[in-house]
Each structure stands twice: as C-alpha cells, then as structure tokens.
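Remarks on the structure that follows.
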Amino acid sequence: MIYVLWFFIAAWWARASGWFATQLIRLSMSPQDFDRWEKIKRQVEYYFGEDNLPKDKFLIQVAAENSGWIPIEVLLTFPKLKQLGASTHLIQSAVAAGSILTLDSTKLKVRRINQVAAPDKDHINRSTVYAKVFPTNGEIKREDIEQFLDEKLKPLGLSSRNKTKMLEAEGRFSGSIKVQFSDPETAAKVVRHLTENPVSWSAEFPNQLTFVIWADKKPSKKSSSTPPSPRADVDSSPQKSLSPGELSEEQMKLLNEF
C-alpha cells in the first residue's frame with residue numbers, strides 16, 4: 001500500500017513541477033514568445049510520442065548511434081522546429097517543463113523517460129482517420145487544419161492537435177490528411193460524428209469533406225505519391241511504419257530505453 005501511495009505522490013509532484021515550470025516560463029516571456037514556446041514543446045513531444053517514435057526510422061537510427069539519446073542539435077535541423085525558430089535553450093526548457101522527456105547530464109541530449117512499445121500496425125490503421133478534400137492552394141498549414149478540426153470535435157471532447165499529418169503527392173499537399181487517435185473506438189466515433197454532421201472548409205471551398213477509417217480506405221490503382229526523405233516533411237512524420245521484425249536486436253533494446 002505504501003508503495004502505491006508513493007507512486008501517486010511522485011506522479012502528482014511530476015505534474016505539479018511541470019505546471020510550475022510552465023508558469024515561470026510564461027511570466028518570463030511575452031505572450032507571443034510563450035505561444036511559440038508552447039508550439040515548440042508540443043512539437044518536440046510529438047516526435048517522441050507513442051504515435052510517432054516507434055515508426056520513425058530516422059530517430060530510431062540516431063538513437064542507436066547515441067546510446068538511446070537524441071542530440072538537441074539534431075532536433076534543431078527538423079524543418080518544423082526551424083520554422084518555429086527553436087533554439088537549444090527553448091528545447092531544454094520545453095523538456096524540463098514536460099513529463100515524458102528527460103535531458104542527459106550535459107543538457108544537450110533528449111530521450112523518453114518511459115519505454116515505448118513497438119507499433120501494432122493494424123491498431124494504428126484502425127485508429128487513424130483519413131479525410132479529404134482540403135484546399136491545395138499552398139496557403140493551408142497543419143495548424144489551420146488542426147484548429148478547424150478541433151472546433152468540429154468539441155462536442156466529442158477530442159482534439160486533433162499533434163495527431164494530424166498532411167499527405168503529399170509529387171512534393172505538394174494532396175488535399176488529404178490522416179489523423180491518428182488513441183484507439184479504433186475513438187476513430188470510429190469521429191468518423192460517425194463528422195459524417196452525421198457534414199462539414200466543409202469554408203464558403204470559398206464549399207465541397208463536403210469526407211472521413212473514413214484509414215484501414216477501410218480503398219487503395220488507389222496508381223499512386224503518384226513519393227515518400228519524402230526522413231525530414232523533408234514539415235510535420236516530420238515518416239510514411240512507413242516499422243514492424244518489430246525490421247529492427248535489429250540492438251535497436252529494439254535502445255528503443256525500449258527511451
């Protein structure tokens with residue numbers, strides 16, 4: 001019983017410490033800078049999240065070369081973080097204020113506190129919602145889509161933030177997206193809600209958006225999509241999931257040390 005009590009106390013303290021750190025950072029920044037810092041924190045946690053890390057070949061390889069750690073200097077090369085103007089100090093403070101990541105003794109490398117499980121491809125496909133057709137005029141960003149979807153998902157108490165991937169064809173946004181939720185039941189609930197309550201992007205783009213479970217999407221006869229290089233996509237989400245059989249014993253060991 002005493003061990004259970006200590007566990008809950010430790011968990012509460014970890015959350016409280018992160019909350020206090022976030023408030024201190026808020027007080028030390030302008031509202032605009034704090035908003036940018038929050039976006040950097042969410043993006044870094046997305047890279048190391050359970051939805052991305054197990055299938056991210058690039059990060060797994062870097063971790064294998066660094067005893068399970070990811071150097072911050074590597075993270076700073078990612079397009080999305082460069083776009084947000086991330087720096088070593090901002091990433092360090094984002095890690096310190098969170099609850100899933102930790103820094104090494106030099107404060108220059110990051111890894112997960114808890115291990116991450118190998119991906120279940122069928123579970124992922126059943127938990128992912130595919131949607132189309134969004135505008136392809138080059139002006140739409142992932143944050144715009146997430147904000148739009150979050151408004152539509154309010155009745156369900158759900159969010160698409162850091163779960164959305166814009167799909168490309170020939171190096172450009174194809175008008176289609178994938179949103180990975182926590183489980184197949186949640187994904188099915190989202191599809192049902194957005195099908196029963198049709199939505200369109202805007203008055204300028206009035207076509208009704210369609211939503212289906214990714215696993216149920218019929219494959220196209222001819223795909224023009226070209227998988228990006230590991231970090232060409234600003235969302236930094238690889239196209240192909242890794243199965244446990246594709247990882248060496250050493251890589252699986254390092255992955256589970258995150």
Side-chain angles (χ1 to χ4, degrees), residues 14-63 66 68-114 116 139-151 158-166 168 173 177-180 182 228-238 258:
R15 289 194 184 94
S17 299
W19 184 85
F20 283 120
T22 298
Q23 301 315 305
L24 289 173
I25 291 169
R26 185 195 295 271
L27 292 173
S28 69
M29 294 180 172
S30 67
Q32 294 82 4
D33 286 342
F34 180 73
D35 180 65
R36 182 166 64 95
W37 176 85
E38 279 195 309
K39 290 179 179 178
I40 291 170
K41 180 176 181 291
R42 284 197 299 268
Q43 190 65 28
V44 171
E45 291 181 346
Y46 165 78
Y47 292 137
F48 289 88
E50 294 183 359
D51 293 338
N52 181 72
L53 184 59
K55 58 186 179 181
D56 194 318
K57 287 183 175 181
F58 181 75
L59 283 179
I60 289 173
Q61 182 60 42
V62 173
N66 291 273
W69 296 90
I70 304 296
I72 290 178
E73 64 180 5
V74 171
L75 295 176
L76 291 174
T77 68
F78 292 1
K80 185 64 176 178
L81 289 177
K82 290 174 71 173
Q83 184 185 64
L84 290 171
S87 66
T88 298
H89 173 69
L90 289 174
I91 290 179
Q92 289 170 333
S93 61
V95 171
S99 60
I100 68 170
L101 303 176
T102 186
L103 295 166
D104 74 342
S105 59
T106 70
K107 308 299 183 185
L108 296 176
K109 295 180 181 179
V110 184
R111 74 175 182 187
R112 282 181 61 94
I113 294 174
N114 299 318
V116 61
E139 298 178 358
I140 190 171
K141 297 179 180 179
R142 192 187 75 173
E143 289 84 355
D144 300 327
I145 294 176
E146 290 178 337
Q147 184 176 358
F148 171 82
L149 290 176
D150 283 1
E151 185 65 30
L158 297 172
S159 172
S160 64
R161 192 176 298 275
N162 285 341
K163 300 180 179 73
T164 304
K165 176 177 175 58
M166 299 171 69
E168 293 189 351
F173 177 46
I177 66 167
K178 289 165 62 177
V179 187
Q180 184 177 326
S182 58
S229 59
R231 293 297 148 190
D233 185 355
V234 296
D235 294 332
S236 302
S237 266
F258 264 90

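From a predicted model like this one, the values you see are computed outputs, not experimental measurements.
The distance from the NE2 atom of H89 to the NZ atom of K107 is 13.0 Å, given to the nearest 0.5 Å. For the atom pair OG1 (T77) and CD1 (I72), the distance works out to 12.5 Å, reported to the nearest 0.5 Å.
With sequence neighbours left out, E73 forms a side-chain hydrogen bond (donor to acceptor under 3.5 Å, both in side chains) with no residue at all. Applying the side-chain contact (heavy atoms from CB on, under 4.5 Å) test to E143 and every residue at least two apart in sequence or in another chain returns K80, K141. Listed by chain and number, the residues in a side-chain hydrogen bond (donor to acceptor under 3.5 Å, both in side chains) with S105 amount to none (sequence neighbours excluded). In this structure, the side-chain contact (heavy atoms from CB on, under 4.5 Å) partners of L108, at least two apart in sequence or on a different chain, are T88, Q92, T106. Not counting sequence neighbours, F173 has no partner by the ring-ring contact (aromatic ring centres under 6.0 Å, His included) test. Applying the side-chain hydrogen bond (donor to acceptor under 3.5 Å, both in side chains) rule to D150 yields the partners S159, S160; only residues at least two apart in sequence or on another chain are considered. For E151, the salt bridge (Lys or Arg N to Asp or Glu O under 4.0 Å) partners two or more places apart in sequence, or in a different chain, are K154.
The shortest distance between side-chain heavy atoms of I40 and S87 does not fall below 4.5 Å. Side-chain contact between I145 and V179: absent, with no pair of heavy atoms (C-beta onward) separated by less than 4.5 Å. Within the 4.5 Å cutoff, the side chain of R111 has heavy atoms near those of the T102 side chain. Looking only at side-chain heavy atoms (C-beta outward), I91 and L81 come within less than 4.5 Å of each other. A 4.5 Å side-chain heavy-atom check between Y47 and L101 finds every atom pair outside the cut-off. In this structure, K178 and T164 have side chains that are not in contact, with every pair of non-hydrogen atoms separated by 4.5 Å or more. Counting heavy atoms from C-beta on, the side chains of L59 and N52 come closer than 4.5 Å. Counting only heavy atoms from C-beta outward, the side chains of L90 and L84 never approach each other to under 4.5 Å.
Pairs engaging residues 37-49 under the salt bridge (charged side-chain N to carboxylate O under 4.0 Å, His left out) rule: D35-K39, K41-E45 [sequence neighbours left out].
The two residues S93 and W37 have their closest heavy-atom pair at OG-NE1, 2.8 Å. For P71 against V62, the heavy-atom pair with the smallest separation is CD-CG1, 3.8 Å. The nearest pair of heavy atoms linking I60 to P54 is CD1-O, 3.6 Å.
Looking at R112, its side chain does come within 3.5 Å of a backbone N or O of F48 through a donor-acceptor pair.
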